[in-house]
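Every chain is numbered from 1, with letters handed out A, B, ... down the list of sequences.
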2 protein chains.
Amino acid sequence: MTYLGSTFEEVCADVLRKVTPSDRERRNTLKLADRLTNNVMVVAKEAGLDVKVRVEGSVAKDTWLSKEPDVDIFMRVPTTMPRESFGTTCLEIARKATEGFKQIERFAEHPYLESVVDGVRVNIVPCYQVERGEWISATDRTPFHTDYVKPLLDETTRGEVRLLKKFMKGIGVYGAEIRVGGFSGYLCELLTLNYGSFMKILKAVADWKEKRIIDYEKHYDGRERELEKIFGEPLVLVDPVDKGRNVAAAVRRERLDEFVIASRAFLQRPDSWFFTPDYIAPLKVKDLVSTLKTRGSTIVFVKLGGVKTVSDILWGQLYKSQRALRKMLRQNDFDVIRDVTWGDEEDLNMFIFEVEQRFLPLVKKHFGPPIRKRIECKRFLEKHVGASHTISGPYVEGSRWVAEIKREYTDVAELLNEKLRDGGRHVGVAHLISQAIPNSLEVMVNEKVAGLYSSNPKFAKFLTEYLEGKPRWLVHE
Amino acid sequence: MTYLGSTFEEVCADVLRKVTPSDRERRNTLKLADRLTNNVMVVAKEAGLDVKVRVEGSVAKDTWLSKEPDVDIFMRVPTTMPRESFGTTCLEIARKATEGFKQIERFAEHPYLESVVDGVRVNIVPCYQVERGEWISATDRTPFHTDYVKPLLDETTRGEVRLLKKFMKGIGVYGAEIRVGGFSGYLCELLTLNYGSFMKILKAVADWKEKRIIDYEKHYDGRERELEKIFGEPLVLVDPVDKGRNVAAAVRRERLDEFVIASRAFLQRPDSWFFTPDYIAPLKVKDLVSTLKTRGSTIVFVKLGGVKTVSDILWGQLYKSQRALRKMLRQNDFDVIRDVTWGDEEDLNMFIFEVEQRFLPLVKKHFGPPIRKRIECKRFLEKHVGASHTISGPYVEGSRWVAEIKREYTDVAELLNEKLRDGGRHVGVAHLISQAIPNSLEVMVNEKVAGLYSSNPKFAKFLTEYLEGKPRWLVHE
């Protein structure tokens, strides 16, 4: 089959045109960054603080994408400032420096301020002014990252970084935040330095096996074997400025896999749709209902209200709770086909479990000990012979005792309602999620979700994509 | 818990009284055996055949059970008689010798005649008159077995053999025929010789592990390790008259396991009910229907007509077909909880499959290759992306491609009807069973079996026991 679409080069040239900021846009962004840098310095000085303020991140390195600048302003404080006041003091300064603009308090290891100034997102982040290697807070490395990357990039390689970032955004693997578990901007820059170009990255990634280790600065020259033991993650990129840190530590296996398969698909059939997530038209409600019916499976929607916390903590707790509930369902013999977590980061969070069947038979085959183990057998028989929970047996099958006993839960919705009634801490639901459950829990099965679907376009889009199931860019092979 | 029932010795003394033939019964049986031996000799002589005729088996060894004598008369023919005429000629002689009595032609390796004379079952069996070790037909060893065992038994040990046989009959493991797959009378005698008494046998058996090897005549003295390689069966008892034969070759793992667990139970709580299968009162039809309903599982009855063949061939084919159908159901994702074969050896044979659910959802999770295998991935995607059988996906989960596809069969009854319509040869149903299917197949689900249940008391008893599930003697621990 001959593919008659665009070439790799054509698609990339086209995308690069769109993602490279114009001179005017670049000037405006830098002007804004300078202005805010100055504001922060002035406010800090007024507060009697000796801080160094500098623009860091993609704007400093000129690797940001047109129309999506993210201005990161770092205030480096003396190491004499105690950790307790470090966050709050700096937050106060940031607030004053962006007074009058929309402000959102964010949290990584410590709080920082996100504000929107002239339509541009600005993060004002504190860190300690340390010597390399003497890190105190997690953000202390950032200025070193800027200083390391900036002189190694030129106009061409910055373009390659932009292509890679845009590609990753398009396929949904960009961003080191917990919700995504993907690739950070710094990681994109290092991958580009390591492989040389966007095309070379894709070609390498398409062949990545289970574990991939990159040690660009050869910190472990001659001791590469140690690396596998030091870092457990599937992708390891040793930080050039800190040999003890894996820049790809936040990348989850799923995002890595998606990057691999998307790289293969793009190399085989380059197309601009990889870079631009298409708008998916949600199914009409009546089509949703009939789609759910013909699947024959049971989709259970476990809906709860908003949880007041920062995004990374929210998603960490959501994912942990999802895993716990999946495990609980499987322990109760419900075959989970697929499960996902969704939320609007405001007043709605939802776990979705698709199971083979809503109802299981009352009878359950319960395997006991092998008959050669006499003591265990005695205990098994004492428990099950003639017991009220025993439906058939015990009998011997395949040289082990078997009893057919009554199943505790035969309805998946009842099981979830029952286990979550009190928040579900005992089945492993995370703390904050558990707190939100009692007052807001709603378990809906299949078409019972139609009401929410009609009233919430974001959810409708999400569910339509879920039902489709395949990556948007996977059109054909 | 103190057990206040009878002691082992009391129960055994009681049973032994019942199973030991009285002098009168013994005299009558021997008289009958002599008469028939004589008949066979006369008829053979008339036919110009030089044969040796002798009573063999339990009557010859005086190990038969009162009220259940089985008179085995063996006619040893010269090795010059060709194998082709061996069976038919001897059958002819046997027919004449028992003229006027009920006659049934049986078949082991070659045909033999079973007849009922004065209410006693008499088998007239041909074999070759060979030197030990120069076996031609499978029955040639029998006279050697008689000659070996007889002098080694005395009145006491003959009683122990009778107890063992009766116990095995009671728990359902007696008989080397394929339908049972249990212990032969000769095997019972050898076990008694080896262990010394019924009690010592039970104590040893209660501790049997996966594999048990007994070489009573020490044919393999110093070479015991070889034995494990030569004989693959879980129980091996090297034939004293033929070191190449395992006397327990016919014993299936299930029967062995049942013998083990019953031995433990009897030692712990000796009771005469182990020796006498109780009559189980079948459920009333309305109780059957409600029992089936509350179980929640689906029991499928695959009924077919009679198959004209000898018992061992019939059951060999039934079991083979059962295994094939079980495998086919599992391949189609139906979880088989339990499956059994039942037949009245006349005009009714039946496979019973209990599955978790009658209906499966249309959607089925189909696991593809790990993403590191690029060529397999390409093939998988070509097959499933955008295909009409694909419901969701493909997507990546756990580093492998997954597609949610349409299941071929969602109704277990439809699946069985479909696969068996033409006899089911292609799914592994055995030849004779397959031939009987097209004209007699009926697939019934759950309470649809009520009609047959009401009209067939044997089946009603069988199904009631099936639903109970546990060995009759397993009352409590």
A.B. asks: For A:Glu356, is it the side chain, the backbone, both or neither that has a heavy atom under 4.5 Å from a heavy atom of chain B?
C.D. replies: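 Answer is both: backbone and side chain atoms of A:Glu356 are under 4.5 Å from chain B.
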A.B. asks: I need the residue from A:Arg374, A:Arg253, A:Glu468 with the largest number of non-hydrogen atom pairs under 4.5 Å to chain B.
C.D. replies: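 Of A:Arg374, A:Arg253, A:Glu468, A:Arg374 has the most heavy-atom pairs under 4.5 Å with chain B.
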A.B. asks: Tell me whether A:Glu397 is salt-bridged to A:Lys365, with the criterion being a basic N under 4.0 Å from an acidic carboxylate O.
C.D. replies: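 Yes, this pair counts.
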A.B. asks: Look at the aromatic rings of B:Phe459 and B:Tyr453 and report parallel, tilted or perpendicular, splitting at 30° and 60°.
C.D. replies: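 The arrangement is perpendicular - the two ring planes meet at more than 60°.
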A.B. asks: For A:Arg295, is it the side chain, the backbone, both or neither that has a heavy atom under 4.5 Å from a heavy atom of chain B?
C.D. replies: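 Contact with chain B: backbone and side chain both.
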A.B. asks: Determine, for A:Phe353 and A:Arg326, whether the Lys NZ or Arg CZ falls below 6.0 Å from the six-membered ring centre while staying within 45 degrees of the axis.
C.D. replies: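 So A:Arg326 doesn't make the cation-pi contact.
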A.B. asks: Could you tell me which of B:Pro471, B:Ser399, B:Gly386 has the largest number of non-hydrogen atom pairs under 4.5 Å with chain A?
C.D. replies: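 Option with the top pair count is B:Ser399.
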A.B. asks: Given the ring of A:Tyr319, does A:Arg252 sit roughly above its face, with NZ or CZ under 6.0 Å from the centre of the six-membered ring and within 45° of the axis?
C.D. replies: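 Verdict for A:Tyr319: a cation-pi partner in A:Arg252.
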A.B. asks: In terms of heavy-atom pairs under 4.5 Å with chain B, which of A:Pro394, A:Pro234, A:Pro370, A:Gly296 leads?
C.D. replies: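 Sorted descending by pairs with chain B, the first entry is A:Pro394.
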A.B. asks: Please flag which part of B:Ala403 lies under 4.5 Å from any non-hydrogen atom of chain A: side chain, backbone, both or neither.
C.D. replies: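 No part of B:Ala403 comes within 4.5 Å of chain A.
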A.B. asks: Is the closest side-chain heavy-atom distance between A:Asp339 and A:Ile352 below 4.5 Å?
C.D. replies: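 Not in contact.
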A.B. asks: With only heavy atoms counted, which part of B:Glu404 is less than 4.5 Å from chain A, the side chain, the backbone, both or neither?
C.D. replies: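 The side chain, not the backbone.
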A.B. asks: Counting C-beta onward and ignoring hydrogens, is there a side-chain heavy-atom pair between A:Leu360 and B:Gln357 closer than 4.5 Å?
C.D. replies: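 Sidechains of B:Gln357 and A:Leu360: in contact.
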A.B. asks: Between B:Val336 and chain A, with a heavy-atom cut-off of 4.5 Å, which part of the residue counts as in contact: side chain, backbone, both or neither?
C.D. replies: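 Contact with chain A involves the backbone of B:Val336 alone.
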A.B. asks: Please determine, among A:Val396, A:Ile371, A:Leu362, the option with the most heavy-atom pairs under 4.5 Å with chain B.
C.D. replies: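 Going by pairs under 4.5 Å, I would pick A:Ile371.
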A.B. asks: Distance to the ring centre below 6.0 angstrom and angle to the axis at most 45 degrees; does that hold for B:Arg338 and B:Tyr466?
C.D. replies: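 Flagged: B:Arg338 positioned over aromatic ring of B:Tyr466.
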A.B. asks: Under 4.5 Å from any heavy atom of chain A, what part of B:Leu467 do you find: side chain, backbone, both or neither?
C.D. replies: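 Looking at B:Leu467, just its backbone touches chain A.
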A.B. asks: Find the one option among A:Glu258, A:Arg264, A:Lys209 whose heavy-atom pairs under 4.5 Å with chain B are most numerous.
C.D. replies: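 Looking at each option in turn, the highest pair count goes to A:Arg264.
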A.B. asks: Heavy-atom pairs under 4.5 Å with chain A: which of B:Asp335, B:Thr298, B:Thr291, B:Ile337 has the most?
C.D. replies: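 Among B:Asp335, B:Thr298, B:Thr291, B:Ile337, the one with the most close pairs to chain A is B:Ile337.
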A.B. asks: Do you know which of A:Val260, A:Asp207, A:Thr294 has the most heavy-atom pairs under 4.5 Å to chain B?
C.D. replies: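 Highest number of pairs under 4.5 Å: A:Asp207.
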A.B. asks: Run the numbers on A:Leu235 and A:Phe259 for side chain to side chain contact (heavy atoms under 4.5 Å, CB included), then give the verdict.
C.D. replies: CA-CA 12 Å; A:Leu235 174 62; A:Phe259 186 30; over 6 Å; no
A.B. asks: Name the orientation class of the two ring planes belonging to A:His384 and A:His389 (parallel below 30°, tilted from 30 to 60°, perpendicular beyond 60°).
C.D. replies: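 Ring orientation, 0 to 90° scale: perpendicular.
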